[in-house]
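Worksheet: the structure to be examined is printed underneath.
Chain identifiers are assigned alphabetically (A, B, ...) following the order of the sequence lines, protein sequences preceding nucleic acid strands; residue numbering begins at 1 within each chain. A quick note: this is a predicted structure, and the numbers were derived from the prediction, not measured.
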Amino acid sequence: MKIAIIDYGASNLQSVANALTSLGKSFEIVNKPESLAAFDKVILPGVGAAGSAMEKLIGSGFAKVLPKLKVPTLGICLGMQLMAEFSEEDNTECLSIIPGRVVRFQTDLKVPHMGWNKVELIKESKLTTEIPTGSFFYFVHSYYLATDLKYVIGQTAYDVDFAAIAQKDNFYATQFHPEKSGQWGMKLLSNFCDLC
Amino acid sequence: MLIIPAIDIIDGKCVRLTKGEFSTKKIYSSDPLGVAQDFERQGAAMLHIIDLDAAKTGVPVNQELITKICKAVKIPIEVGGGIRDISTAQKYLNSGVRRAVLGTKALTDFGLLSSLIKEFGSKRIVVALEIKKGKIAIKGWQETVDKNYLDFAKELKTLGITEILFTDVEKDGSLTEPNFIVLKELINLGFNVIASGGISDLKSLKKINTLGAFGAILGKALYENRLTLAEALNFQTPVSNLTKRIIPCLDVKDGRVVKGVSFVNLRDAGDPVALGRRYSEEGADELVFLDITASHENRQTLFDMVAQVAKEVFIPFTVGGGIKTVDDIRKLLQLGADKISINTTAVLNPEFISEAALAFGRQCVVVAIDAKKKDGVYKVFLKGGRDETSLNAIDWAKEAEKRGAGEILLTSMDKDGTKSGYDLELLKKVSEAVKIPVIASGGAGSLEDLKLAFTEGKADAALVASLFHYGQFSVSQVKNYLSTNNIPIRL
């Protein structure tokens, strides 16, 4: 099995790479969209702002290739948000993989939503196999994906119930950072590698 | 916590019973729809409507009226009473009702619950756990069955149920006080629990809120004017399961942890990777490594250490100390650090905060502030409290936020190393002045000090050094203590 971690020059890949190494999975960092065809799985990480990340995805050609992927693909944090149709952050047109808009938290609570929060699993998915509902994951974000419940696998409460884990067909996405979420985060990554 | 007014309906009228006995029926209004609209106008976030006729007979009686109410108000509605088969539940949930409450049937038909969760998701299915003299009550509380409520709750959890409505029948409509012990037991099992029954005053509401309930249902207390909805709504807070963070802080010199870390069973107490892993396994929520290497030539050893920690510890960690340029930050983040902490450089050149936030996102920029009270004013100090600046600590925190800080690490120089507790006044002032998270640091000497940092100081996280290093407490001891004291904690 070959896993690609997409490097579009916008995010810190080291943590995801370290987590896969620790799980004993081989992977390659890929910076050319045409190389993706050779891989069985793809991870789209992301830290930073939607506008510049999308620019880089478009500039590098990944924006054209990603929505057409047929292999299991996992978007993490900003990577999840980039899978939406549109993001309020920098008013950015995104990849339109998962229907929905990325909106900012409207709340009296502190923003960014930073720290460990509970994820309630509302639908079955291979990605969450053997992970108990109510497990904690590490979040850092100010925006979230507002999407139809039918795409939501796990929900988290932060004034609103937002999509912490989403899935549409072969596209999986987590708003939290599994690579920084201890035991259950590692379990989720290994599920993605082994079961999805 | 959500404040949820109740509307109980018998024969199309809004009524209340006492302790679930139908003979005690008291009619409050013949217009439940008007009552619902009134609650909405006053600011209720959700309504709890029960078809009491149906609860008794098992077939929906007031369904038409309830659907009408649901269409007339904009706030979500949960409905209970007589929902004992899939088609009744579907009818409600497909006609705009947000949550269906199942009582009687849930007890015997786990298959029904399972299919409903599959079809509608766990958030929309509420199991009513009604307890009468320690037993589970069914059929409009007319009967009880012999089943321990905690065993039953655990079975529900396995099934995937997340929402519980807890009523102590003995207390309902009695205007005494709710059963806090059972409530806490259910919350501890990890459910979102709505408390119902016997909530008659603000004191009870406050207690339910501190216990971490998801919501509180108000019935008779509102109808009898024991308290007003407006008063109760003061306890309505945004629902969040975000936990407070406990962050061990390690001082590093030349790539080795220094300052009396004394773990038993640890061959090399100076190994940052082993220590980081150890704290992570004990349940630390994040780690902070503070580089106190005096010379700048030895930077490479710090880089090696960061790379090594990132390879083996899978919780977030922050690196601070001696960061002067955007390139310093880039290097540390590329090696796998999640955040960097800046102090002196930020004070000398505030523009640096903005540059860092712009380049890497504000979530990884922690601004550390060392504050000391002087002539009644909190001043920012540099170099471990030796150099005084003209900056007011609270103003500086606000400016750091404005310039792009994602978090404030606030150390009281007056308290640091004294073990006499955090400077709660400073902490509260800063926490309330900014909208970004604040990490409390300096002065923790006891478990209670940590608790106070959260309850009084309003901190989002607590940095802990000596309390852990000298083995006084383990991370899990601290977290268990805080959880027992109703601080939201990841266990």
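Counting heavy atoms of neighbouring residues, nucleotides and ligands inside a 6.0 Å radius, atom NZ of A/Lys25 exceeds 12 of them. Other residues, nucleotides and ligands contribute over 12 non-hydrogen atoms within 6.0 Å of the CZ atom of B/Arg277. The number of heavy-atom neighbours closer than 6.0 Å to CD of A/Glu34, taken from other residues, nucleotides and ligands shown, is above 12. Within 6.0 Å of atom CD in B/Glu312, more than 12 heavy atoms from other residues, nucleotides or ligands are found, so the atom counts as buried in its surroundings.
Rounding to the nearest 0.5 Å gives a distance of 8.0 Å between NE2 of A/His177 and CG of B/Asp338. The structure places CG of A/Leu78 at 9.5 Å from CD of B/Gln363, a figure rounded to the nearest 0.5 Å. Annotation: the span from B/Leu242 atom CG to A/Met114 atom CE amounts to 10.0 Å, rounded to 0.5 Å. For the atom pair CG (B/Asn241) and CD (A/Gln155), the distance works out to 11.5 Å, reported to the nearest 0.5 Å. Atoms OG and NZ, on B/Ser431 and A/Lys110 in that order, are 4.5 Å from each other to the nearest 0.5 Å. Between the OG1 atom of A/Thr133 and the CD1 atom of B/Ile161 there is a distance of 10.5 Å, given to the nearest 0.5 Å.
In this structure, chain A has no heavy atom under 4.5 Å from any part of B/Ile247. Residue B/Arg245 touches chain A through its side chain alone, counting heavy-atom pairs closer than 4.5 Å. If you measure heavy-atom distances from B/Ser280 to chain A, you find no contacts under 4.5 Å at all. For a residue to count as touching a neighbouring chain, one of its non-hydrogen atoms must lie under 4.5 Å from one of that chain's; by this rule B/Glu163 touches chain A with the side chain only. For B/Lys244, no part lies near chain A; criterion is any non-hydrogen pair under 4.5 Å. Looking at A/His141, neither its backbone nor its side chain comes within 4.5 Å of chain B, counting heavy atoms on both sides. The contact between B/Glu407 and chain A is made entirely by side chain atoms (from C-beta outward), counting heavy-atom distances below 4.5 Å. For A/Lys123, no part lies under 4.5 angstrom from a heavy atom of chain B. Contact annotation for A/Glu120: only side-chain heavy atoms (C-beta onward) come within less than 4.5 Å of a heavy atom of chain B. In this structure, chain A has a heavy atom under 4.5 Å from the backbone of B/Gln334, while its side chain stays farther away. Neither the backbone nor the side chain of B/Ala359 comes within contact range of chain A; no heavy atoms are under 4.5 Å apart. Heavy atoms closer than 4.5 Å to chain B are found in both the backbone and the side chain of A/Ala19.
Between B/Lys435 and A/Thr107, the shortest heavy-atom distance links the atoms NZ-O, 3.1 Å. Taking all atoms of both residues into account, the shortest heavy-atom contact from B/Gly406 to A/Pro112 is O-CG, 4.4 Å.
Counting heavy-atom pairs closer than 4.5 Å to chain A, the top-ranked of the candidates B/Lys157, B/Lys118, B/Lys123, B/Arg124 is B/Lys123. When each of B/Thr237, B/Leu491, B/Thr162, B/Ile117 is checked for heavy-atom pairs under 4.5 Å with chain A, B/Thr162 comes out on top. Listed options B/Cys364, B/Pro238, B/Ala310, B/Ala307 were ranked by heavy-atom pairs under 4.5 angstrom with chain A; first place goes to B/Pro238. Top candidate by heavy-atom pairs under 4.5 Å with chain B, chosen from A/Asp108, A/Val140, A/Leu109, is A/Leu109.
By the 4.5 Å heavy-atom criterion applied to side chains, A/Asn18 and B/Phe314 are counted as neighbours. The shortest side-chain heavy-atom distance between A/Trp116 and B/Pro488 does not fall under the 4.5 Å cut-off. You'll find the side chain of A/Asp159 stays beyond 4.5 Å of the side chain of B/Ser240, heavy atoms only. In this structure the side chain of A/Tyr138 never reaches within 4.5 angstrom of the side chain of B/Ile315, judged on heavy atoms. Annotation: side chain of B/Lys311 is not in contact with side chain of A/Thr21 (no heavy-atom distance under 4.5 Å).
The stretch residues 181-189 of chain A places A/Ser181, A/Gly182, A/Met186 near chain B, each with some heavy atom under 4.5 Å from a heavy atom of that chain.
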With side chain to side chain contact (heavy atoms under 4.5 Å, CB included) as the test, would you mind laying out the steps for A/Lys180 and B/Glu286 before giving the verdict? CA-CA 9 Å; A/Lys180 285 288 164 185; B/Glu286 287 182 31; over 6 Å; no
